[in-house]
Every structure is written in C-alpha cells, then in structure tokens.
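These values consider heavy atoms only, across backbone and side chains, with no hydrogens, waters or symmetry-generated copies. Because the structure is a prediction, the values reported are computed rather than measured.
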Amino acid sequence: MPNQKRRKDLRNVAFIAHVDHGKTTLVDALLKQTGAYVFKEGEAVIMDSNPLEKERGITIFSKNASLTYKDIRINLVDTPGHADFGSEVERILRMVDGVLLLVDAFEGPMPQTKFVLKKSLELHLKPIVVINKIDRPNARPEEIVNQTFDLFCELNATDEQLDFPIVYASGKEGRTTLDLSDPAEDMKPLLDTIVHRVLPPVADPEQPFQMLVTMLEYDSYVGRIAVGRIVHGTVEVGSPLVAVKRDGRTARGKVTKLLSYQGLVRIESESAKAGDIISLAGVEDVRVGETLASPQNPTALPTVNVDEPTISMNFSHNTSPLAGKDGGRFLTSRHIRERLAHEAMVNVGIKVEEADGGERFKVSGRGELHLAILIETMRREGFELEVSPPKVILKEVDGVTLEPVEEVVIEVDPGYQGSIIEALGSRKSDLKNLQISAVGTVRMEFHIASRALLGFRSELLRMTRGTGVMSQIFHEYQSFKGDIPYRSAGVLISHGPGQAVAYGLWGLQDRGEIFLQPGADIYEGMLVGVNNKGNDLVVNAIREKKLTNIRAAGSDEAIHLIPPRDMTLEFALEFIEDDELVEVTPKNIRLRKRYLTDNERRAVRNKAKRA
C-alpha cells in the first residue's frame, strides 16, 4: 500500500538452496568482505558451528547474522538445505523481505530448490538468483540460468518475480560478478544487488507492538527466548507484553532481556523497533507461530503453517542388559519425556505423543534425517534409548487410504541406470524423467512411496560403488501402493551374553556382513550381522577355539577378519525391521531383536499365526 512506512536503513534476506549448494560458505564470504567477522588462522566455516553440522557438512539449524554495508544493516538468515528440515525454512521466510536462491553452476536446480522456491514465491518474496560455484570444473552457468527460469515458470511465478537479477559467484573464493565476461573480484556486486533489489521492511514504529514468533530457544538463566521480526511498534526492556495464542487466549509477560545481532554475536539491547530481528525473553507461555503484542492492542498476526510430519518412530528407555553401562546419564522414561517435550516446544516440525501409559513415545517428523538428528543430539547429551523402525504416516480421506510419496532425483554414471530402474521398479516407483547431463552422467527423476525408500540409500551406494547421488523431497499424498518388498536378507542373532571373539566371528563372516569388532560386549538377542540366506539364525559369536596338543596345517588356519560395518545411526534405522530395535547410548549404537530370547520370539510368532 502507498502509505506503508519502510525502514530504508535495513534489509532482511534469507539464503535458500538445495543441500550442499554453498549457502553457508557464501554467507561466510559476505561476513568476511564487510569485516563483520575476522577469521582466525585455519578457520574455514563459521556459520555451521554446531558439532553435528561440522561433521556432516550440512546446515541443520537456521542461524542469523548481520553486517553493515554502505550504512545499511543487512540481516542474513542461513537456512537448512535438506528437505527434512523444511519446517525451519517455512518459519524463517516469514522474517525476511527477499531471498537469495543459490543454484549450483554444475548440478542445477534440485528437488529442494523447487521446495524452498515454491515457499518463497507463495509469500510473494522477490528472489535474487545466485549461480554459485562458477569455479567448478564443467560448470555450465548459462544452461543453469535457463533451467532456473523454467523452474520459476513451472511454479507459476508472477511477471515481477520472473524478472529476477542474476549474480554469478564463487563463495569458496569470495568472488561475485553480474556478467560472466567481467572479472569477479569480490562480494560487492552481490551486496549491491541485495541493497537495490530487496525491499526495505514495512515497519511503522508508531503503531502498537507486534512480533510473530518464528523460532524458540531456551536458556537456563532467563527461560524461554522468542526469536522473530518486529512487524510494528517498538519494544524496550521492562515493557509489558501479551502472547496471543492460536485459540485467541492471551498470556501476560514482561521483557526481561532483549538481544539483537551484530555480526555473528548477539548483544544486549535496551530497545528495538519495527523491522529488527530480535531475541526476546520474559514471556514463558509462548510457542512458535504465536504473536507477541502490546497489551493495549492484543491482535494476532497470520500464523506460520508448517507441512505435516510424514515419518514416525517410537522412542523408549533402554531395556537391554547393557543399559547404564555406556556412560548414559538419563536412563528413565521421565527423562526422555521431558527432553522430547522440550524439543516439541522449540522445533515446530516435531510432534510427540505418549503410548503404553507413558513408557513409549511416538515421535513424528519430516523424514528419517530429521529424527536421526534428534536421536544423535540426545545421545550426545547423555540419553540412552531404544528406537523402533521408521514408519510412514498414513491418511484416511473419504474412505481411501493415502500415503506420502516422494520426488526423487538420482544421478549416476552411465551403466548403472538399468540396475537402479530395476531396483526402484520393484518398489513400485514411477519414472518421470531421464536425461543425460552435459558431463555424461544420467539423471533420473522418480515418484515413489516414502516407505519404499527406507533403506534404499545404502543399497544405491552399494550398487553404484559409492558414486550415486540421491536427493528426495515430499511430493504429495497418493493412494496406498500395497505391499512393497523390503529387506531380503536375514540376521545373525547372538545366543548368549559375553564378549565377541575373533574365532567365533571368523566362522560367521562367510554367512554375511558382520557388525561387531572382537571384544565388543554382546547379549542374547543382539544382532551380530547379516545372514545372506534370508532367514534369521541364532549363532554363537563368543565361541573360542578349542586348545589341544595336536598341531596340523588344517586346524591351525590363520584367522583373517573382514573389517566390520561402521555402525551409523542412519544405517541402523534403515536396516531394522518391525521386530527389531536400535539401542542408542552415548558410546554405542547396537541392533537388537524386540524380544531378546528365542522362546519369546517363537511365542509371538505362534500368537500371530493363531490370530
């Protein structure tokens, strides 16, 4: 509207892209260019500061930073690039007035690119397209620009949104240019584009205070901290506020602490005004998507809509014979309940429900990785727990059962596409597109049920000798696809407690892959390895070699063990079936049967047959 006031000295912009297209590196380069952060010697990445992010090389949690360029403060928001953390992206886009869409100059638009771009276009945000990694071998920036334009058209972008500026960048080298024929020297072309093309935020400090809570944090000293952008008005430390709930109720509070961003650091402030992105403490009863407002005008802003979870798992306390022996500090259902309640409060994409009278908890999220990160975080905090296999969440609409379907893009070297198509064909997928890229790789697009993808990523790496690349994103709910084949191999189950012995494992490795090192603690019902013949087999992994006085070439055969599989959480969750669990402790990840003794498992099978 023409009478809207805007803050000319401020820009709020988010970086969105597919995973590993270089958002964080580019943000680092901008902070370095403007002096907002001084790199220490040997320091490479500053935004991905969480240990899990450093290990995996991906952004998991949205982070804010700010810099000053030509007397204009630019608030930057680095968003996750993986589809499983889409709830973070959906919330963050409410805080900004423009987005930088990063596209890899070699890979081009990928499924997550489509997801985040669709969300930003729906919010009528003006995008700036950044073709990143122009320094890569085989980079094809002109072709990628055409593909990006086609994607905008596919998503029904307006004429104004189609008139997007293009910046070519190498975030790694800290260089950008507006024209490939001109030399790229520094980040100023990108900064100038942000200043000129991102609209200043609509901000009227004269109106009553309003702020939409887009993120929540928790501090043991000041309590719950709400993060968001002030839409109208001003706020000061000591100001009375009300939280306007989704159902119209209100909860009162008073600002006890106000934090704003300077570079990467949050500094205490006495006041803030419309347009600023701030962190605010003092209102305990507030959740993501609710509005903080002035008591004189407790009016709610439009809430944040987040897509529903598609995958669920059951969490429970560790019941294995080794519970409490791996350094875990939080071992009971009460500890797990409190931790999951805290996670559901700050992470709007997680949903927690109690089962079995509070002994188990059904935790739902946006994908395997989303829940795996939660489990990994909990084990590092000292929790011990058991986790069931991931299950897709089905819907019932007009008497028809619907299940989530994913859009999957797989890129492989020529020669592997036949086996990939055959493997996914048996899982009832639909091949939507197949093309040869400029560098000769084969790119295939499928629509496939989410449950059919469980466990496929490791199979893909095995089929392509580690060279296959797969990315996926939720597409839509479709009618139930029926039975889908899953794990074809059986498992080797330990028959008793003890420590794994090299001689015992050596005798088992001809049957299939082994999961244990010699000396590892095991118990009855724990999974020792894979049985390639397809059926479950109880084995003795603690069997030692009989010592006799007889020496012969045949009986003194040397023991050569194949290195066991490195047990990761992602593999464990993909591998297990309905009658199995993953035991997670601070030191170990183990696989086990739900019922540990052979007699219990037989009784359950007989009961199922009778039923």
Side-chain angles (χ1 to χ4, degrees), residues 52 60-62 80 82-91 213-218 220 223-226 243 245-247 251 284-290 303-319 328-395 404 450-451 454 474 569-570 572-573 576 578 581-585 594:
L52 279 174
I60 296 171
F61 308 103
S62 296
H82 199 285
D84 285 11
F85 307 109
S87 59
E88 292 269 336
V89 179
E90 292 169 73
R91 289 180 284 158
V213 179
T214 50
M215 294 170 64
L216 275 182
E217 298 172 2
Y218 189 82
S220 55
R224 205 172 296 194
I225 299 174
K245 318 297 286 182
R246 291 174 185 266
D247 58 5
E284 280 301 304
D285 189 13
V286 65
R287 293 186 175 276
V288 171
E290 297 174 351
T303 189
V304 178
N305 292 318
V306 177
D307 289 345
E308 296 177 14
T310 57
I311 295 283
S312 68
M313 300 179 192
N314 288 331
F315 288 34
S316 63
H317 65 284
N318 188 8
T319 59
R329 295 183 294 125
F330 306 110
L331 309 175
T332 66
S333 297
R334 178 179 62 83
H335 288 132
I336 294 174
R337 179 189 293 108
E338 291 173 355
R339 179 62 179 84
L340 291 177
H342 173 78
E343 187 67 27
M345 177 186 74
V346 299
N347 186 347
V348 74
I350 291 281
K351 182 180 178 184
V352 179
E353 303 166 83
E354 287 194 8
D356 290 350
E359 289 296 309
R360 288 190 302 123
F361 306 91
K362 181 182 177 183
V363 183
S364 306
R366 290 290 290 271
E368 279 179 276
L369 184 61
H370 192 196
L371 297 179
I373 291 295
L374 171 59
I375 297 167
E376 183 66 34
T377 304
M378 288 178 67
R379 75 181 280 237
R380 294 185 183 207
E381 292 171 355
F383 286 85
E384 289 195 17
L385 61 155
E386 293 172 352
V387 187
S388 72
K391 292 287 184 186
V392 300
I393 299 173
L394 304 178
K395 277 184 178 181
S450 299
R451 61 193 170 96
L454 299 176
F474 173 74
L569 189 56
E570 281 82 1
L573 294 174
I576 58 172
D578 290 346
L581 299 170
V582 180
E583 177 192 349
V584 181
T585 72
R594 188 183 299 273

Between R594 and D578, is there a donor-acceptor pair closer than 3.5 Å when you use the side chain of the first and the backbone of the second? yes

Correct closest heavy-atom pair for L216 and V213 would be CD2-CG1, 4.0 Å

Donor-acceptor under 3.5 Å (R224 side chain, V286 main chain): yes

What's the spacing between E368 CD and S450 OG if we round to 0.5 Å? 9.5 Å

Is there a side chain to side chain donor-acceptor pair (under 3.5 Å) between H317 and S333? Walk through the geometry before answering. CA-CA 5 Å; H317 65 284; S333 297; 3.0 Å; yes

Inter-residue atom distance E384.CD - T332.OG1, 0.5 Å rounding: 11.5 Å

With side chains defined as the heavy atoms from C-beta onward, is the minimum distance between I336 and F383 less than 4.5 Å? yes

K351 atom NZ: more than 12 heavy-atom contacts under 6.0 Å: no

Hey, are the side chains of D285 and K245 touching, using non-hydrogen atoms and a 4.5 Å cut-off? yes

Given side chains that start at C-beta, do those of L340 and L374 come closer than 4.5 Å, heavy atoms only? yes

Does E338 use its side chain to pair, donor to acceptor, with the backbone of H335 at less than 3.5 Å? no

V387 and its side-chain contact (heavy atoms from CB on, under 4.5 Å) partner, picked from V584, L371, L581: V584

Flag side-chain contact, heavy atom, 4.5 Å: I375 against L573: yes

Which heavy-atom pair separates G223 from E284 by the least distance, and what is that distance? CA-OE2, 3.5 Å

So, does R329 use its side chain to make a donor-acceptor pair with the main chain of E381 at under 3.5 Å? yes

Minimum side-chain heavy-atom gap M313-V363 below 4.5 Å: no

Going by side-chain contact (heavy atoms from CB on, under 4.5 Å), I311 matches just one of S364, P404, P390. Which one? P390

Considering all heavy atoms of both residues, which atom of R379 and which atom of T585 are nearest to each other, and what is their separation? NE-O, 3.0 Å

Does E386 reach the main-chain N or O of T319 with its side chain, forming a donor-acceptor pair under 3.5 Å? yes

For F315 together with F361, are the ring centres under 6.0 Å from each other? no

Which distance, rounded to the nearest 0.5 Å, do you find between the CD of E290 and the OG1 of T214? 12.5 Å

Side chain to side chain contact (heavy atoms under 4.5 Å, CB included) between E354 and R337, intermediate numbers included: CA-CA 9 Å; E354 287 194 8; R337 179 189 293 108; 2.8 Å; yes

Quick one, R339 with V352, criterion side chain to side chain contact (heavy atoms under 4.5 Å, CB included). Give me CA distance, side-chain angles, the key distance, then yes/no. CA-CA 11 Å; R339 179 62 179 84; V352 179; over 6 Å; no

